[in-house]
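Source: prediction; values computed, not measured. Letters go in sequence order (proteins before strands), and every chain restarts at 1.
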Amino acid sequence: MANKKYWVIIFLTIAINVMMVQWTVESYLGREYEQVVLFSGIAIVSACIAFIALVYWKRVEYEAEQHE
Amino acid sequence: MNTECKKGRNVKKSKSDMVNLIGNVDQKDDLKYNRRAFLKTAAGASVALGLSTVPFSVKAMMGMAEEEEERVEITKLANLPKGESLTFNYPTENDAAILVHSVNGELVAYNSACTHLMCPVFYEKDSDTLLCPCHKGYFDINNGHPISGPPQRELPLIELEVTNGTIFATGRKYRHG
């Protein structure tokens, strides 16, 4: 599968985001606001990476279909 | 047009072995639940998880702008003998707290809402622990950390200061010990 790397990226971002949600909530309950902003920032960047990976994957996936 | 076989062979749950060989193939499901749909859903889940942290960071930024806690008088040290406790409110009237003069002579104060389901905790002189009677949650008097029962997080610690025999609350820490 030529676009396997996009699968890996998307699933990595899921793993990261699950951790970030957990850490964000924990930090929020502990009133550690600087850490909340940090973890939330990482989660947003990770979400953006997932979205970009999806866009690139779609391009590759459906391009291959058109050539068939 | 009815495409089903009169003999009932070309249908789902057919008795025919040849039909059952492909009984797990369903075109509708194939179009709906396929590899592409799976990856799109996974990407959507990742984005949703990432965005779900945004409200917390917004609230955190609002919290950072809040003022520092003030210094509040609780009571006179003489009014609180060893092994006794006193309830008060800190930092606001809605935050119940407990001040304990432990058997060992130490002064400690915590917000008294149990970190499990917010029931008030009480000082147990005999065992020198804090007890939440709702679900039998016990907290260590020295650091406010849970020692048994359902609570998982420590009680918020209220920083104390004793000046001229008067006990003051000067701040609050959520993560400590």
same_hphob_cluster(B:Tyr123, B:Val121) at 4.5 Å side-chain heavy-atom cutoff: yes
Residues forming a disulfide bond (SG atoms under 2.5 Å apart) with B:Cys119, sequence neighbours excluded: B:Cys134
Pairing of B:Lys40 and A:Glu61 as salt bridge, 4.0 angstrom limit: no
Members of residues 97-108 of chain B whose heavy atoms come closer than 4.5 Å to chain A: none
Per-residue contact mode, B:Lys173 against chain A (heavy atom under 4.5 angstrom): neither
Residue part contacting chain B, namely of A:Glu26, when any heavy atom lies under 4.5 Å: both
For residues 42-53 of chain A, which side-chain donor-acceptor pairs fall under 3.5 Å, sequence neighbours excluded?
residue : atom : partner : partner atom : Å
A:Ser46 : OG   : A:Thr13 : O            : 3.4
A:Ser46 : OG   : A:Asn17 : OD1          : 3.1

Cation-aromatic face contact A:Arg59/A:Tyr56, 6.0 Å, 45 degrees: yes
Listed partners of B:Phe56 passing ring pair (Phe, Tyr, Trp, His ring centres under 6.0 Å), at least two apart: A:Tyr28
Cation-pi geometry met for B:Arg153 and B:Tyr174 (6.0 Å, 45°): no
